[in-house]
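Structure, as structure tokens:
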There are 2 protein chains.
Amino acid sequence: MRPTTKDLAKAAGVSRATVDRVLNERPGVQEKTIKAVNAAIKELGFVRNVSAANLAKSKVYRILFLLPQVGGEFLAGIEDEIGVLRLAVRNDNVEISVRRELSRDPHKVVEILSKLSPENFDGVALMASESPQVRDATSRLTERGVHLVQLISGQPDIRPYDFVGIDNFAAGATAASLLGGFNRAREGNVLVITDTMTSLDSAERRLGFDSVLQDRFPELKALPTLESHSDRDRADTIVRNTLRNFSNIVGVYVMSSEAAAPLEAVFRYRDHADQVIIAHEQTPSTTRFLQDRKIDALITQNTGHAVRSAVRLLKARADGVEPLASQEDVRIEILLKENLSRRQFSRKR
Amino acid sequence: MRPTTKDLAKAAGVSRATVDRVLNERPGVQEKTIKAVNAAIKELGFVRNVSAANLAKSKVYRILFLLPQVGGEFLAGIEDEIGVLRLAVRNDNVEISVRRELSRDPHKVVEILSKLSPENFDGVALMASESPQVRDATSRLTERGVHLVQLISGQPDIRPYDFVGIDNFAAGATAASLLGGFNRAREGNVLVITDTMTSLDSAERRLGFDSVLQDRFPELKALPTLESHSDRDRADTIVRNTLRNFSNIVGVYVMSSEAAAPLEAVFRYRDHADQVIIAHEQTPSTTRFLQDRKIDALITQNTGHAVRSAVRLLKARADGVEPLASQEDVRIEILLKENLSRRQFSRKR
DNA sequence: CTGAAAGCGCTAACAG
DNA sequence: CTGTTAGCGCTTTCAG
């Protein structure tokens, strides 16, 4: 049997209440009592039972997902994943809420973040592009005691909070590697489209893409990035114009997570078989395109996993526990028609 | 506040003990009392608090991983993952043990399985090839009340227990798609190697591989499967002979999860750049080969995820709870040099 | 600064 | 067939 607070109390010659005080670093305990309890902890190899503690506290973890207001299939998919998770974690005292109210304007984002406090939320999963203003606001938020994880959009490895998502430079490089590899060494141009280049995510993908193209596929030349600004008509226009101006297009790379409109524009003016086409993220549209072989590959991240990871991280931070690192890594996945996962799950009854 | 058994008891006009009896379908409760309690459950929207129940029962989930006795880097990696997980889940009353004692001989496997009982284990994760004998033994095991999940090796969708792993037909198809796609339409032969074709896994991969090759890459012809029988020297010999007998080899496909020896044999007799090389699973060796561009791609499954998934499934089955299907899907991943995940985890302090 | 006692939601043992 | 009582491991008053 694992030792309990009762055992600690006996070993340290104090009451269970005092053990509790020491365990939770509550104030008002004599230094020597603290030492005695800590010695007992070490000696007995005590590990606290978090669920018993949560039961006693009737603790609920309140987690908020802050998402962009506008979005297409990709964002809808994320909302769905959150919805599924919300039900699944109710048994673990986790209460998830979602707000779709972030805009491109950093000041609006800052305003929303500034209203958040530990009174209302233990943790926030934020899906917003980086900017100096937002960075400051998140710092203040965490200082106020609200845990934060940056979700999908943003930069790994840079600040004192967690990032859940893929390395966009590597994602772009992966796209280039596939596009170049599948292209059979034809010479020509590559059309590159995204939503907007002001987002760091797209910029990083482009850098990764270019670096591999230059290194390994000198026969390919990537054109300047086209920006659709989330506008269907605009996507159509810029694609049409570019296809008209550049004759020898052998590849297309759609960098944005909402790829449907740009891809449809391409299909409208070109036979899909005439070039290698790579896009990002798995949505109903992109899945269909892959199945129909209208595109060659998708670079994706497992959004369900990302969302669960965000919740686990926020919970771990709230508990002051170190998360299981390997589990929280979001991989850059490559999807071909052949490895689209068919079955959701496997069990016959 | 969510309703508790206390609320149920009051609403149904019975004691908490009776509520408990109904909740856990214990015998000896009047039909009408059961109805009353169930009515209250429905009315109040009661959801049981599993961790409170576990606390009261001091329940521990005893889970056994049964692994093959012999194995290389791939199996070692799985053992490592289990080791990490064992520590991580100790706080969740899960006790994991591992036995590396399965042999190729089905009768030995059966013997081991027949000794397992609910007295010792709540669930077993079994990594063994399919065979009629083993199938019977697993059926008897589950009938005895020990939950079972088939891990990595085996067939999805066929029996009344869970399978955690990838669809090997699709994995083989994916390999062919990459090999053919990267090959730039050269005509030639493809060397195919595995450990042993008697395992269903390899057979399935081969079928998937061939089907895509025939459909989409008629310029490629896959040679009969070579079998290394986990023997380094034998791998060397068969590879050398085949390379001597067939001049025009433009591709190599290693189907087995332990790929190091066959790959090294290939490198010994051929310049790696002369053909497209695809193998399975990420291990120290295959990772290095990918980084050095000695191989072109890996088809992998996330073993850490698979192991965690197995534990979650066995726990869910033991609780009689439906698992979160989407989370337990193991994907066929494609690894190029570009999307090898660098960072394990991302947080600066 | 420390301890006693009650309670979180559920289960187990024993009466009745 | 059903209720009472005690207790899982930890936290939270409230005294002292």
Side-chain angles (χ1 to χ4, degrees), chain A residues 1-38 40-41 44-61 89-95 122 318-321, chain B residues 1-41 44-61 90-95 122 318-321:
Chain A
M1 229 38 239
R2 270 166 41 172
T4 72
T5 47
K6 222 185 221 164
D7 303 318
L8 284 187
K10 205 184 317 166
V14 296
S15 76
R16 304 176 65 200
T18 298
V19 169
D20 178 73
R21 292 187 182 101
V22 175
L23 277 179
N24 297 288
E25 299 177 57
R26 300 185 217 282
V29 185
Q30 257 189 113
E31 194 54 43
K32 61 174 257 195
T33 327
I34 296 181
K35 286 229 178 79
V37 174
N38 281 132
I41 290 175
L44 302 186
F46 171 85
V47 189
R48 61 195 307 209
N49 183 330
V50 182
S51 45
N54 284 342
L55 176 60
K57 286 188 290 202
S58 324
K59 159 126 203 155
V60 274
Y61 301 84
V89 295
R90 273 204 340 212
N91 303 323
D92 304 320
N93 345 314
V94 178
E95 226 176 74
D122 298 291
D319 289 337
V321 163
Chain B
M1 231 37 242
R2 268 166 44 173
T4 72
T5 46
K6 220 185 221 164
D7 303 318
L8 284 186
K10 203 183 322 166
V14 296
S15 76
R16 301 178 62 194
T18 299
V19 168
D20 178 72
R21 290 184 184 103
V22 176
L23 277 178
N24 297 288
E25 302 179 56
R26 298 185 219 282
V29 186
Q30 254 190 114
E31 195 53 44
K32 60 174 260 198
T33 324
I34 296 181
K35 286 228 177 78
V37 174
N38 281 130
I41 290 175
L44 302 186
F46 172 84
V47 189
R48 69 205 309 252
N49 184 329
V50 182
S51 43
N54 284 343
L55 176 60
K57 285 187 291 202
S58 326
K59 158 128 204 154
V60 275
Y61 301 85
R90 274 209 334 216
N91 302 323
D92 303 320
N93 343 314
V94 177
E95 225 176 75
D122 299 291
D319 289 337
V321 164

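A note on names: the letters A, B, ... follow the listed sequences, proteins ahead of strands, and every chain is numbered from 1.
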Whole angstrom is fine here: how far is it from [atom1] in [X] over to [atom2] in [N]?
X       : N     : atom1 : atom2 : value
B:Gln30 : D:dC1 : CD    : C1'   : 7 Å
B:Lys6  : C:dG7 : NZ    : C1'   : 8 Å
A:Lys59 : C:dC8 : NZ    : P     : 19 Å
A:Ile41 : D:dG9 : CD1   : P     : 16 Å
B:Leu55 : D:dA6 : CG    : P     : 18 Å
B:Lys10 : D:dT2 : NZ    : P     : 20 Å
B:Asn93 : D:dG9 : CG    : P     : 10 Å
A:Asn49 : C:dG9 : CG    : P     : 16 Å

query: For DNA chain D, what dot-bracket results from Watson-Crick or G-U pairs at under 3.5 Å, with [ ] for crossers and | for inter-strand partners?
result: ||||.|||||||||||
- prompt: According to a strict under-4.0 Å criterion, is B:Thr33 in side-chain N/O contact with OP1 or OP2 of D:dT2?
  reply: yes
task: Ignoring backbone atoms, establish whether A:Thr18 has a side-chain N or O less than 4.0 Å from OP1 or OP2 of C:dG3.
output: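 Answer yes for this pair, as a side-chain N or O of A:Thr18 is under 4.0 Å from OP1 or OP2.
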Minimum side-chain heavy-atom gap B:Leu44-B:Leu8 below 4.5 Å: yes
query: Hey, are the side chains of B:Asn24 and B:Arg48 touching, using non-hydrogen atoms and a 4.5 Å cut-off?
result: yes
Minimum heavy-atom separation for [X] to [Y], with atom names?
X       : Y       : answer
B:Pro3  : B:Asp7  : CA-OD2, 3.2 Å
B:Ser15 : B:Ala9  : C-CB, 3.9 Å
A:Val19 : A:Val14 : CG2-CG2, 3.9 Å

When the side chains of residues 53-60 of chain B are checked against the rest of the protein, which donor-acceptor pairs come out under 3.5 Å, sequence neighbours left out?
residue: B:Asn54; atom: ND2; partner: B:Tyr61; partner atom: OH; Å: 3.1

- prompt: Which part of the nucleic acid, if any, lies within contact of A:Val19, taking any heavy atom under 4.0 Å across all strands shown: a base, the sugar-phosphate backbone alone, or nothing?
  reply: nothing
message: Counting primed atoms plus P, OP1 and OP2 as sugar-phosphate and everything else as base, spell out the protein contacts along nucleotides 11-16 of chain D at 4.0 Å heavy-atom distance: B, S or - for each nucleotide, 5' to 3'.
response: SB----
query: What residues, two or more places apart in sequence or in another chain, satisfy side chain to side chain contact (heavy atoms under 4.5 Å, CB included) together with B:Val47?
result: A:Arg90, A:Asn91, B:Arg2
query: What residue pairs, at least two apart or across chains, pass side chain to side chain donor-acceptor pair (under 3.5 Å) with a residue in residues 27-38 of chain A?
result: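 Found none.
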- prompt: B:Arg26: what forms a side chain to side chain donor-acceptor pair (under 3.5 Å) with it, not counting sequence neighbours?
  reply: B:Asp20
